[in-house]
Amino acid sequence: MKIAEVIVDVPARQTDHPFDYAIPEKWEDILQPGMRVTVPFGPRRLQGFVIHIKSHSDVKTLKPIEAILDVTPVLNEELLELGKYLTETTLCFAISAYQAMLPAALKAKYEKEIRLVREENRSLLPEAIQALFKGRSTLDWKEVEHSDWLRPLQKAIQQGYLEVVYHVKEKAAAKTVKYVELAQPHEEVERAMNALPANAAKQKQLLTVLLSANEAMPLKELLEQTGASYASLKSLITKGLVAEKEIEVYRDPYEHRSFAKTAPLPLTDEQEKALSAIVERVRANEHEVFLLYGVTGSGKTEVYMQAIEEVLRQGKEAIVLVPEISLTPQMVKRFKGRFGSRVAVLHSGLSVGEKYDEWRKIHRKEVQLVVGARSAIFAPFENLGMIIIDEEHETSYKQEENPRYHARDVAIYRARVHGCPVVLGSATPSLESFARAKKGVYQLLTLQKRVSDNGMPNVHIVDMREELRSGNRSMFSRALFEKLKDRLHKGEQSVLFLNRRGYSTFVMCRSCGYVIRCPHCDISLTYHRTEQRLKCHYCGYEEPITYRCPSCGSEHIRFFGTGTQKVEEELTKLLPEARVIRMDVDTTSRKGAHERLLAEFGEGKADILLGTQMIAKGLDFPKITLVGVLAADTTLHLPDFRASEKTFQLLTQVSGRAGRHELPGEVVIQTYTPEHYSIALAAKHDYDTFYQREMVLRKMNGYPPFYYLTLITVSHPEITKAVAVTDKIAAYLRAQLSDEAIILGPVASPIARLHDRYRYQCMIKYKREPNMARALRAVIDRYQHDVSQGDLSITIDTNPYTMM
Ligand code: ADP
Ligand code: ZN
Ligand code: ZN
């Protein structure tokens, strides 16, 4: 007998190991590791992944596998191994790791049914329940879920008359389209056609079109072409002359667009050098991590594309990761234009079905290249020739829920297995990566010059405190305003960037300084102008705005900060002739809106593009000659040791949007702290000095890349419990780890309360702790019971990117 080891779909510590199941004989030759199955688990039916097949088990009575959900494995051997690596490094459950690798459409969905155990029981049920079943033997759970019937039903279940059964359903099926074809040889059809009565003109027309098409036609197209009704077609089907059939198709989000084919550009010397270093490794099947450090506009993307060409020529596959927000239509166009139908694109804007289709193209080896956001790193390719991570410094490559993996680590893991290079590209590499490149762990490739001859844009820093002193209360400095007017006059385009993070409008009393906060979280409420309400962006709490201070009763309430709406209003007042496009979460929430707004701007339908983070990247329009940053300080004051790095990166990225083509660009950065090194050095495009200064601080304060971090966050509705547990964890770790490890805490988390739960943290800084993983596992095990009981929650992040 053959036995399958199955990881079941219950993300809990107790079930985080494989369970043995017997493979029914009929499936012995079919079942392979990496397939999904349905198995009995206690009273339930669960979905699970087969991870191994063996011929011996220590379990005495094995239950059989009930159903097979896949014909071919959805996870290959490499990805199954990768799952183990993820569970070890991120401390996640195996089931979470495997699910993270698959499109949402393949995740299990359960439907519950209440079933009569035996027909004889029917008469034993209370009459009301019998009526509910109306002669049926099953009842959909949804029918009764919220009804008063639940109690009597529960009783009958306890008595054993009824039982609950779980059905596993797949979320998305493949999409099919109806086609029509001839069901008989041409001569037969022609003969029948001639025999049709004169009033059957439409039927004749249908047959004529099908005869000349000589192949199956989409039903819709056929009816449109002939103007015939479905009824006419139906009568041909009844006569046996034509037949309908379903054909599987892909939901292609780009099907209505054609992409002009682009050819490789002749490279600059710098590009050529970088490319040949990468290509050499591709040809040699050798693993190596390259850091492609190139200023904005230096032509990194062209290097990626020509390297990919070589990979494809070798008959191999490539993955390109780009941050979600820079996966713009412009970006997609560049890759589709060069590689056509050999590319699959994966990003969060796609529907569940569309994502599933793109994934299937990869799985079936119909494409050789995937361009996508973070999770595309799990693309089920089996012959990888290269992995590229563009904007490698972006923190969105770290997943902030289980499994808390970093795409860069996964990329390096997979590339090692496949013996292929990884290319990390950035104009502002993360300190970790640059430090590794300096040490020779990564190979550094540099592009110092922009492709266009203009060089980097001129950056002016404006001290907003000075502006206020000279009586300018507007959110635009005089310099920025003059330049905006000038561009408007010359018919050139400007981009205004507003960093919303930490900059949303909060409400403060000018008399006593009271800030209105969420009653459930330690967070100030955000003012929403259109609805005239205050909202908590963490838990969703909201209340109407108030005009009187809840603390002192003063009426001097003010709405602080500047949202994009407010900037837009101000612009309309000051520059009424300017055409403005605003891009923020509000204007881009509808599907396709993001793309449409950008296209309009690209077509010159507006003079000013005003937006948040989402416009910082990937914008590449020739007529942009001015970029204004309204408040550069907003990321500086986050409670995060990476605040300066993030500020530097963001300012550099935004500045890089100006003057990428013939027209020279200019940048204005408004700030209240012009002396801060991250702002001053970003203005000078001086990454190297920034790197040196920041490294000194990181070393002094014991942060990455000098130390590794692990962050443990404990939360509980009672503050004393939260503190006590964190304290115990800290004490335990102090005893387990070496003297070199620094264990900080318990301290209140920067967001000390969220959803009415108090949050405490313990941070571990360490260099080398072979005992670390075991100690953290022990912490999880120690509190497993309390966590599963409900109130206590412990999250462990072994490589944190947000400290909140
Ligand atoms: P980066 O990704 O480094 O910001 P891009 O790859 O977007 O830079 O290149 C900037 C611009 O220069 C693009 O419009 C691109 O088409 C163009 N470009 C890149 N390489 C070359 C080249 N070798 N010759 C001419 N134009 C180039
Ligand atoms: Zn809240
Ligand atoms: Zn007040």
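Computed from a predicted structure; not experimentally measured.
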Using salt bridge (Lys or Arg N to Asp or Glu O under 4.0 Å), reason through Glu358 and Lys355 one step at a time and then give a plain yes or no.
CA-CA 5 Å; Glu358 294 295 296; Lys355 273 187 214 155; over 6 Å; no

Can you tell me how far the [atom1] atom of [X] sits from the [atom2] atom of [Y], to the nearest 0.5 Å?
| X | Y | atom1 | atom2 | value |
| --- | --- | --- | --- | --- |
| Tyr760 | Ser749 | OH | OG | 10.0 Å |
| Lys365 | Phe381 | NZ | CZ | 9.0 Å |
| Ile743 | Cys762 | CD1 | SG | 6.5 Å |
| Glu28 | Ile23 | CD | CD1 | 6.5 Å |
| Asn402 | Thr87 | CG | OG1 | 11.5 Å |
| Arg408 | Ile377 | CZ | CD1 | 11.5 Å |

Whether [Y] and [X] form a salt bridge (side-chain N of Lys/Arg under 4.0 Å from carboxylate O of Asp/Glu) is what I want to check.
| X | Y | value |
| --- | --- | --- |
| Arg404 | Glu400 | yes |
| Lys54 | Asp20 | yes |
| Arg414 | Glu78 | yes |
| Glu366 | Arg360 | no |

Under a 3.5 Å threshold, yes or no: a donor from one side chain and an acceptor from the other, between [X] and [Y]?
| X | Y | value |
| --- | --- | --- |
| Gln130 | Arg122 | no |
| His287 | Asn285 | no |
| Gln784 | Arg13 | no |

Please work out whether the ring planes of Tyr397 and His406 are parallel, tilted or perpendicular, with thresholds of 30° and 60°.
tilted

Tell me, do [X] and [Y] make a side-chain contact under 4.5 Å, heavy atoms counted?
| X | Y | answer |
| --- | --- | --- |
| Leu82 | Phe378 | yes |
| Leu792 | Val714 | yes |
| Leu153 | Ile129 | yes |
| Ile68 | Leu31 | yes |
| Val370 | Lys361 | no |

Does the ring of Tyr707 carry Lys767 above it, NZ/CZ under 6.0 angstrom from centre and within 45° of its axis?
yes

Just to verify, which of Glu392, Glu394, Arg642, Arg436 counts as forming a side-chain hydrogen bond (donor to acceptor under 3.5 Å, both in side chains) with Ser430?
Glu392

Taking Asp9 as the fixed residue, which of Arg36, Gln99, Arg44 is the one that meets the side-chain hydrogen bond (donor to acceptor under 3.5 Å, both in side chains) rule?
Gln99

Does [X] have more than 12 heavy atoms from other residues, nucleotides or ligands lying within 6.0 Å of its [atom1]?
| X | atom1 | value |
| --- | --- | --- |
| Gln14 | CD | yes |
| Arg364 | CZ | yes |
| Arg774 | CZ | no |
| Tyr708 | OH | no |

Is it the case that the ring center of Phe19 lies less than 6.0 angstrom away from the ring center of Phe41?
yes

Would you sort out whether Glu740 and Arg768 count as a salt bridge (Lys or Arg N to Asp or Glu O under 4.0 Å), showing the intermediate values?
CA-CA 8 Å; Glu740 253 188 20; Arg768 223 187 64 82; over 6 Å; no

Please find the pair of heavy atoms, one from Pro717 and one from Asp791, that lie closest to each other, and give the distance.
CD-O, 3.7 Å

May I ask you to decide if Pro40's main-chain N or O and Tyr21's side chain share a donor-acceptor pair within less than 3.5 Å?
yes

